[in-house]
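Heads up: the structure comes next, in structure tokens.
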Amino acid sequence: MNHKVIIEPFRIKTVEKIKMTTEEERKELIKNAHYNTFLLTAEDVIIDLLTDSGTSAMSADQWAGILKGDESYAGARSWYKMKKAVQDVTGFEFIIPTHQGRAAEHLLYNKIGGKGKIFISNTHFDTTRANIEYSGAKAIDIPIPEGLIPEMYHPFKGNMDTEALKSTIEKYGSENIAAVIITITNNSGGGQPVSLQNVKDVSDICRKNKILYIIDSCRIAENAYFVKHREEQCKDMTYKEIALKMFSLADGTIMSAKKDALVNMGGFLALNDESIFNQLLTTLIITEGFATYGGLSGRDMEAIAIGLEEVFEHDYLHYRIRSTTYLGEKLQKMGISVISPIGGHAVYIDAKAFYPNIPVHQFPGQSLAVELYKTGGIRAVEIGSVMFGSRDEQGNFVPAKMELVRLAIPRRVYTQSHIDYVVEVFEELIKQKHLAKGYKVTWEPEFLRHFTAHFEPVG
Ligand SMILES: *Cc1c(COP(=O)(O)O)cnc(C)c1O
């Protein structure tokens, strides 16, 4: 029998209460949060789809591991367990533990970056770009053109444009390219997968030009699911084999364990180059912690080791990808424009299409995020001109390529009825479309402004 209902492949052992709020209360709460969903108190959120980062529910095995964590300063048993798990999954020899992905990014990109250096990616994630620009280097995004057309079908919309890669290397000179970073899946580009063939084509170009090639592997297991089911040459490989094959084509990887390692905190950098490794270790010890824990507790390392195993299980991955698709397809059926096909960890709504009467400089995505909260207590995040908009030399507003709102699905946290509730809230928002207002920024910091900026409705 081919079941239509995707059941969660787990039973619930511990529950966490959700505080219910009314629309009247939420109108006040979002105003007090300066209309920025990052500034809300999490308790005041009913369904929290802000991020899939660090929000996973851990398994009973992981919780058991937490108790077994070895908290020794140097050479903890939990470190060796994590190191072995990372080596098994990635195939890389040298492993640097960090408290989260961006710490690994800061270590590596600060070391190899700096003024005059260029980084090239399918799409730099926001912390990746920020770390690169903070070092003084330049970050260039070259997704395939299909990746920028929200409703266009392509099985691997996360792919990098290899022709653009060649011309970008030629333009800046290979000696000035600090690294090529392939983000798998492509988070900021819609959680879209990258094919094994593309990882290989990029690898060939990097090797020919002697350029360091890094995989941002936050969602490598989710990507492996898409590859197995969409890429003919991989249909008989296991998810783990697909991941391992991808890693074998690169020089190193950075992973935020808060995604596909199914934990709440952690990250690592893995590579084969011993001299880079040794240089980074010194900085690690100054800024994060000793080489056998980085910024992590022994129990964190224990949970990462177990999570890296669990995430590659078929029943889990099938449920994970199908349930994200379920939400996306429901919204599509209601006529809402979403990035298609649906990505792995999130559904991305085209806010420019949802609110055509709000101009991009008034942030339609921000408006949709605010309305979702007011109407349903749902927290989402704008991925558009608030996050990626900029100003040119004359100070004119330069919008982002797309105005999206991301509904990120925490791993193993919400059930189908929670998701059906989200769908219902969207039905309501469609009815109230004409009432939505644009927003203006009233305060912003220098870097990563979406986290802390303040807004006000226009008019
Ligand atoms: C989350 C994420 C990071 C940064 O990791 P943190 O653990 O949040 O610091 C880097 N790249 C991608 C693609 C991510 O999704």
Side-chain angles (χ1 to χ4, degrees), residues 38 49-56 82 86 90 96-110 113 119-135 139 141 143 147 157-160 179-194 199 214-224 226 243 246 250 252-270 284 287-288 294-297 300-301 303-304 307-308 311 320 324 343-346 348 381 383 387-388 404 406-411 447-448 450-451:
F38 280 100
L49 307 182
L50 184 72
T51 177
D52 64 320
S53 177
T55 52
S56 299
M82 169 174 162
V86 175
T90 65
I96 292 178
T98 58
H99 79 278
Q100 54 183 100
R102 72 196 66 184
E105 292 178 332
H106 184 69
L107 279 176
L108 181 62
Y109 302 147
N110 203 48
F119 289 75
I120 308 171
S121 177
N122 46 347
T123 309
H124 292 86
F125 180 64
D126 57 358
T127 61
T128 317
R129 173 174 287 275
N131 269 302
I132 287 166
E133 290 175 352
Y134 190 75
S135 84
D141 291 341
K157 256 178 145 169
N159 282 355
M160 188 182 290
V180 169
I181 303 166
I182 195 149
T183 312
I184 295 178
T185 57
N186 189 0
N187 185 358
S188 310
Q192 296 291 326
V194 177
V199 172
I214 300 294
I215 296 182
D216 179 332
S217 61
C218 293
R219 297 178 183 80
I220 189 81
E222 291 172 5
N223 195 82
F226 288 112
M246 285 192 165
T253 187
I254 283 176
M255 182 177 192
S256 164
K258 301 171 72 171
K259 324 289 170 48
D260 268 358
L262 299 172
V263 295
N264 306 117
M265 195 51 69
F268 58 82
L269 199 162
L284 178 83
T287 60
E288 281 277 296
L296 296 169
S297 306
D300 294 332
M301 297 192 285
I304 289 171
L308 281 175
V311 78
R320 169 73 179 156
T324 304
H345 68 290
Y348 291 72
V381 64
I383 299 195
M387 201 181 262
F388 294 118
L404 303 173
R406 185 183 72 181
L407 305 174
I409 319 290
R411 295 171 181 76
F447 287 101
L448 297 175
H450 56 283
F451 287 130

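For ligands, and for the atoms within them, numbers begin at 1 and follow the listed sequence.
Two residues are said to be in side-chain contact when any heavy atoms from C-beta on lie closer than 4.5 Å; E133 and T128 fail this criterion.
Between T183 and ligand 1, not a single N/O pair is under 3.5 Å apart. Polar contact check, G101 against ligand 1: a nitrogen or oxygen pair lies under 3.5 Å apart. Between T185 and ligand 1, a contact under 3.5 Å exists for no N or O pair.
For atom 8 (O) of ligand 1, the choice among M255, R102, H99 with the nearest heavy atom turns out to be R102.
Although no hydrogens or angles enter the test, the distance criterion places no donor-acceptor pair under 3.5 Å between the side chain of R219 and the main chain of G191.
At the top of the distance list for atom 1 (C) of ligand 1, counting protein heavy atoms only, stands K259 NZ, 1.5 Å. The protein heavy atom nearest to atom 6 (P) of ligand 1 is Q100 NE2, 3.3 Å. Among all non-hydrogen protein atoms, the one lying nearest atom 11 (N) of ligand 1 is D216 OD2, 2.6 Å. For atom 7 (O) of ligand 1, the closest non-hydrogen atom on the protein side is S256 OG, 2.6 Å. Looking only at protein heavy atoms, the nearest one to atom 10 (C) of ligand 1 is E105 OE2, 3.2 Å.
Partners of F119 under the side chain to side chain contact (heavy atoms under 4.5 Å, CB included) rule, at least two apart in sequence or in another chain, are Y109, I112, H124, I132, A137, A178, A179, I181. With sequence neighbours left out, the side chain to side chain contact (heavy atoms under 4.5 Å, CB included) criterion links H450 to F38, D126, V386, M387, L448.
For the side chain to side chain contact (heavy atoms under 4.5 Å, CB included) with M246, the qualifying choice from T90, I182, N223 is N223, the only one to do so.
Heavy-atom distances between C218 and ligand 1 reach below 4.0 Å in at least one pair.
Both the sub-6.0 Å distance and the 45° axial angle are satisfied by K259 relative to the ring of F125.
A103 and E288 get closest at one heavy-atom pair: CB-OE2, 3.4 Å.
A salt bridge does not link E105 to R129: none of the charged nitrogens lies less than 4.0 Å from a carboxylate oxygen.
When each atom of ligand 1 is checked for a heavy atom of T127 under 4.0 Å away, the hits are 3 (C), 4 (C), 10 (C).
Only side-chain heavy atoms of K258 come within less than 4.0 Å of ligand 1; its backbone N, CA, C and O stay farther off.
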